[in-house]
Asks: 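Please find one structure pasted underneath; my questions will follow.
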Amino acid sequence: QVQLEESGGGSVQAGGSLRLSCAASESIYGFICMAWFRQAQGKERDFVSVIRRDGRINYADSVRGRFTISQDSAANPKFLYLQMNSLKPEDTGTYYCATYTPVGNSYCSTSGGSYTYWGQGTQVTVSS
């Protein structure tokens, strides 16, 4: 069972940047879909971005053009990243990384319920 641990959260002013990392206990190459979700206090968990092992990427409309998802370039990658630029107060929340392998060759889901493994989350606070 893979363990995921997020880091890199913090408090920044609007317009600032943060880079989140997700460290896996084993190579993430074996997982088809690696994603970031976030949850604001009192709200439901929202999809942020997902990267498929073949390199295909998807972003939520609210972060497209500002956030960049990536994996480390090692032969057996163990890190997932989320570069967040031009942060807005509405980006505030707890950010989680998650992974799963879809059945067959289907697309990567944007629904958190599809994901098998989750980290504990890292807090991001953006002040205006």
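Bear in mind the structure is a predicted one, so any value in this text is a computation, not a measurement.
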Asks: Is any side-chain heavy atom of Tyr81 less than 4.5 Å from a side-chain heavy atom of Ile69?
Replies: no
Asks: Between atom SG of Cys108 and atom CZ of Arg53, what is the distance when rounded to the nearest 0.5 Å?
Replies: 10.5 Å
Asks: Run Arg66 and Asp91 through side chain to side chain contact (heavy atoms under 4.5 Å, CB included) and show every step you take.
Replies: CA-CA 11 Å; Arg66 300 187 296 121; Asp91 294 319; 2.8 Å; yes
Asks: I'd like to check Leu82 versus Val48 (side-chain heavy atoms, cut-off strictly below 4.5 Å). Are they in contact?
Replies: yes
Asks: Val50 versus Trp36: any side-chain heavy-atom pair under 4.5 Å?
Replies: no
Asks: Using side-chain heavy atoms (C-beta onward) and a distance below 4.5 Å, is Thr125 in contact with Val12?
Replies: no
Asks: Flag the pair Phe79 / Gln71 as yes when at least one side-chain heavy-atom distance between them is below 4.5 Å, and no otherwise.
Replies: no
Asks: Please examine the side chains of Leu4 and Cys97, heavy atoms only from C-beta on, and report whether any two atoms are closer than 4.5 Å.
Replies: yes
Asks: Tell me whether Gln120 at atom CD has more than 12 heavy atoms from other residues, nucleotides or ligands lying less than 6.0 Å away.
Replies: no
Asks: Under the side chain to side chain contact (heavy atoms under 4.5 Å, CB included) rule, what do Leu20 and Ser7 come out as? Steps first, then yes or no, please.
Replies: CA-CA 6 Å; Leu20 305 184; Ser7 62; over 6 Å; no
Asks: When you group the ILVMFWY residues by side-chain heavy-atom contacts below 4.5 Å and let the links chain together, are Phe67 and Leu80 in the same group?
Replies: yes
Asks: For the atom pair OG (Ser111) and CG (Asp46), what is the distance rounded to the nearest 0.5 Å?
Replies: 11.0 Å
Asks: Measure the shortest side-chain to side-chain distance between Arg38 and Ser62 over non-hydrogen atoms and say whether it is less than 4.5 angstrom.
Replies: yes
Asks: Do the side chain of Asp72 and the main chain of Lys78 share a donor and acceptor less than 3.5 angstrom apart?
Replies: yes
Asks: Taking Thr99 for its side chain and Cys33 for its backbone only, find out whether a donor-acceptor pair lies under 3.5 Å.
Replies: yes
Asks: Provide the closest heavy-atom pair for Gln123 versus Thr92 in the form atom of the first, atom of the second, distance.
Replies: NE2-CG2, 4.1 Å
Asks: Looking only at side-chain N and O atoms, does Thr94 offer a donor or acceptor that is under 3.5 Å from a partner on Gln39?
Replies: no
Asks: Are Tyr96 and Ile51 connected in a single hydrophobic cluster, I mean Ile/Leu/Val/Met/Phe/Trp/Tyr linked by side-chain heavy atoms less than 4.5 Å apart?
Replies: no
Asks: If every non-hydrogen atom of Gly8 is compared with every non-hydrogen atom of Leu18, which pair is closest and at what distance?
Replies: O-CD2, 3.8 Å
Asks: Can you name the nearest heavy-atom pair linking Ser49 to Ile57, along with the distance?
Replies: OG-CG2, 4.2 Å
Asks: Could you go through the side chain to side chain contact (heavy atoms under 4.5 Å, CB included) check for Tyr59 and Thr68 one step at a time?
Replies: CA-CA 9 Å; Tyr59 294 102; Thr68 303; 3.8 Å; yes
Asks: Hey, does Ser17 have a side-chain heavy atom less than 4.5 Å from the side chain of Met84?
Replies: no
Asks: Enumerate the salt bridge (Lys or Arg N to Asp or Glu O under 4.0 Å) contacts for residues 2-29, please, sequence neighbours excluded, ordered by first and then second residue.
Replies: none
Asks: Knowing that exactly one of Phe47, Tyr100, Phe31 qualifies, which makes a ring pair (Phe, Tyr, Trp, His ring centres under 6.0 Å) with Tyr115?
Replies: Tyr100
Asks: Taking Arg64 first and then Asp61, would you say they form a salt bridge - that is, a charged N and a carboxylate O separated by under 4.0 Å?
Replies: yes
Asks: For Arg52 versus Pro102, what's the shortest heavy-atom pair and its separation?
Replies: NH1-CG, 4.4 Å
Asks: Are more than 12 heavy atoms, taken from residues, nucleotides or ligands other than Gln13, located less than 6.0 Å from that residue's CD atom?
Replies: no
Asks: Which pair of non-hydrogen atoms, one from Ser128 and one from Ala14, has the smallest distance, and what is that distance?
Replies: CA-CB, 4.3 Å
Asks: Name the orientation class of the two ring planes belonging to Phe37 and Trp118 (parallel below 30°, tilted from 30 to 60°, perpendicular beyond 60°).
Replies: tilted
